[in-house]
Amino acid sequence: MARFHKMLRNYLEVLKPRATALLTFIGFSAAIIAGAGQPPADKLFLVLITILLGSAGVNGLTNYLDRDIDARMRRTRYRVLPSKRIAPPEKALALTVFLIIIGLGLSWWLHPLSFMAGLTGTVAAIVGRKRATCVFPQGMLASCAPVLVGWFAIRPAFSWELVLLCVLIAVWLPLHVWSVMITNRDDYIGAGLTFFPMNREVREAVSVLLPFSLVLAVTAITLYFVADFGWFYLAVVSLLSVIMVYSTLRLVASKASADAWKLYKLSTYPYLGLIFLVMCLDIWLL
């Protein structure tokens with residue numbers, strides 16, 4: 001039994017549970033927002049399962065494809081595949097491909113637009129990975145996919161509200177990804193990854209983050225007017241925006257790895273997760 005639990009933990013770790021949980025949550029929240037807080041319960045549950053399985057599969061597949069790079073980095077060499085806790089790695093590949101197929105199949109059942117969003121995000125994630133295209137544009141497409149899948153499942157139409165949600169994620173992504181790369185700059189360079197921000201001095205690299213932080217704040221506040229959110233959303237998002245801009249300014253001033261790591265941690269659940277939670281709460285409570 002202990003051996004089975006260890007094997008189960010290893011396979012779950014391959015699927016990047018934290019990243020999968022965040023992607024699933026924002027996609028699930030997008031479905032709630034699209035349904036004005038009252039989407040059909042059965043379809044909402046199907047959205048949850050679809051995004052969960054699809055995101056887990058894609059995250060696991062990128063883990064499999066990046067196992068050679070992970071093995072060369074101090075930060076990632078002890079992950080499941082580089083450390084050979086699952087061997088051969090093709091065992092994990094079979095699981096991830098199966099999850100992707102099920103996720104895409106369910107997305108087609110939800111709506112063809114959801115399927116197109118899921119398929120585009122899957123391809124973008126595979127092409128991007130840890131290469132120079134990990135942010136522009138493939139990473140952005142992959143990160144927006146869960147929101148598009150959830151939105152189109154409930155409201156199969158484009159709107160300015162949906163556009164701003166995608167812009168929010170697209171602008172958030174460089175802050176999230178580049179801050180962790182700056183934190184582990186030497187590790188990435190040692191693994192042979194020399195694209196931005198590793199191909200610039202730290203001083204230059206961190207200065208690029210400030211415009212993204214400012215655009216992120218403007219986008220989040222603009223959603224208040226376009227999506228007709230209430231005062232609760234505006235109050236919380238204003239506070240979060242001030243914290244994000246301040247954290248970025250602190251990094252620009254210090255150029256310290258510790259501040260880059262703090263920005264990375266802040267950008268994940270405290271910011272992106274909370275902002276989508278607040279959107280849902282604002283719809284339900286006000």
Side-chain angles (χ1 to χ4, degrees), residues 18-19 21-41 44 47-48 51 117 135 139-140 143-179 208-253 259 262-286:
R18 286 176 61 83
L22 179 61
L23 292 172
T24 302
F25 179 71
I26 65 174
F28 182 76
S29 299
I32 294 174
I33 297 166
Q38 296 180 326
L44 190 61
V47 166
L48 176 65
I51 299 176
V135 171
M140 291 179 174
S143 298
C144 289
V147 166
L148 292 170
V149 170
W151 182 280
F152 288 141
I154 305 300
R155 193 196 305 179
F158 287 93
S159 68
W160 283 113
E161 185 178 357
L162 176 59
V163 170
L164 284 174
L165 287 175
C166 290
V167 170
L168 182 77
I169 295 169
V171 177
W172 162 86
L173 185 65
L175 286 166
H176 180 67
V177 173
W178 289 343
S179 57
V208 175
L209 298 180
L210 184 56
F212 282 99
S213 182
L214 293 172
V215 174
L216 183 67
V218 170
T219 304
I221 293 173
T222 302
L223 266 166
Y224 164 74
F225 300 99
V226 173
D228 197 28
F229 288 123
W231 62 265
F232 177 67
Y233 171 82
L234 181 62
V236 175
V237 82
S238 297
L239 177 61
L240 288 173
S241 297
V242 169
I243 293 173
M244 282 292 291
V245 172
Y246 170 76
S247 298
T248 309
L249 282 170
R250 184 173 60 185
L251 173 58
V252 171
D259 286 332
K262 289 176 183 177
L263 180 60
Y264 166 73
K265 298 297 288 185
L266 173 65
S267 67
T268 311
Y269 290 96
Y271 183 82
L272 194 64
L274 186 57
I275 202 170
F276 272 86
L277 174 62
V278 169
M279 290 179 194
C280 295
L281 292 176
D282 189 274
I283 293 173
W284 285 329
L285 301 178
L286 301 177

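Residues: numbered from 1 along the sequence shown.
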How close do [X] and [Y] get, counting heavy atoms only, and between which atoms?
{"X": "V245", "Y": "S213", "answer": "CA-OG, 3.3 Å"}
{"X": "P39", "Y": "I154", "answer": "CB-CD1, 3.8 Å"}
{"X": "P270", "Y": "L240", "answer": "O-CD2, 3.8 Å"}
{"X": "V47", "Y": "G150", "answer": "CG1-CA, 3.9 Å"}

Pairs touching [range] that satisfy salt bridge (charged side-chain N to carboxylate O under 4.0 Å, His left out), sequence neighbours left out:
{"range": "residues 148-169", "value": "none"}
{"range": "residues 229-251", "value": "R250-D259"}
{"range": "residues 224-248", "value": "none"}

Look up atom [atom1] in [X] and atom [atom2] in [Y], then write down how far apart they are to the nearest 0.5 Å.
{"X": "L214", "Y": "L209", "atom1": "CG", "atom2": "CG", "answer": "11.0 Å"}
{"X": "L216", "Y": "F212", "atom1": "CG", "atom2": "CZ", "answer": "10.5 Å"}
{"X": "R18", "Y": "T268", "atom1": "CZ", "atom2": "OG1", "answer": "7.0 Å"}
{"X": "Y271", "Y": "L266", "atom1": "OH", "atom2": "CG", "answer": "9.5 Å"}
{"X": "S179", "Y": "K265", "atom1": "OG", "atom2": "NZ", "answer": "10.5 Å"}
{"X": "Y264", "Y": "S247", "atom1": "OH", "atom2": "OG", "answer": "15.5 Å"}

Expected list for residues 165-175: side-chain donor-acceptor pairs under 3.5 angstrom, two or more places apart:
residue, atom, partner, partner atom, Å
W172, NE1, S267, O, 2.5

Which residues pass the side chain to side chain contact (heavy atoms under 4.5 Å, CB included) test with [X], sequence neighbours left out?
{"X": "P156", "answer": "H111, L113"}
{"X": "A36", "answer": "none"}
{"X": "A145", "answer": "none"}

Quick one: side-chain hydrogen bond (donor to acceptor under 3.5 Å, both in side chains) partners of S143, sequence neighbours excluded?
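With sequence neighbours excluded, S143 shows a side-chain hydrogen bond (donor to acceptor under 3.5 Å, both in side chains) to no residue whatsoever.
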
Going by ring pair (Phe, Tyr, Trp, His ring centres under 6.0 Å), name the residues that satisfy it together with Y246, two or more places apart in sequence or in a different chain.
none

Atom pairs and distances, side-chain donor-acceptor, residues 274-284, under 3.5 Å, sequence neighbours left out:
residue, atom, partner, partner atom, Å
D282, OD1, G230, N, 2.7
D282, OD2, G230, N, 3.2
D282, OD2, Y233, N, 3.0
W284, NE1, G37, O, 2.9

Heavy-atom distance under 4.5 Å between the side chains of L148 and W151, does that happen here?
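They are not in side-chain contact.
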
Sequence neighbours left out, cut at 3.5 Å: what donor-acceptor pairs do the side chains of residues 23-30 make with other protein atoms?
residue, atom, partner, partner atom, Å
T24, OG1, T20, O, 2.7
S29, OG, F25, O, 2.8

With a 3.5 Å cut-off and sequence neighbours excluded, list the donor-acceptor pairs that the side chains of residues 219-226 form with protein atoms.
residue, atom, partner, partner atom, Å
T219, OG1, V215, O, 2.8
T222, OG1, V218, O, 2.6

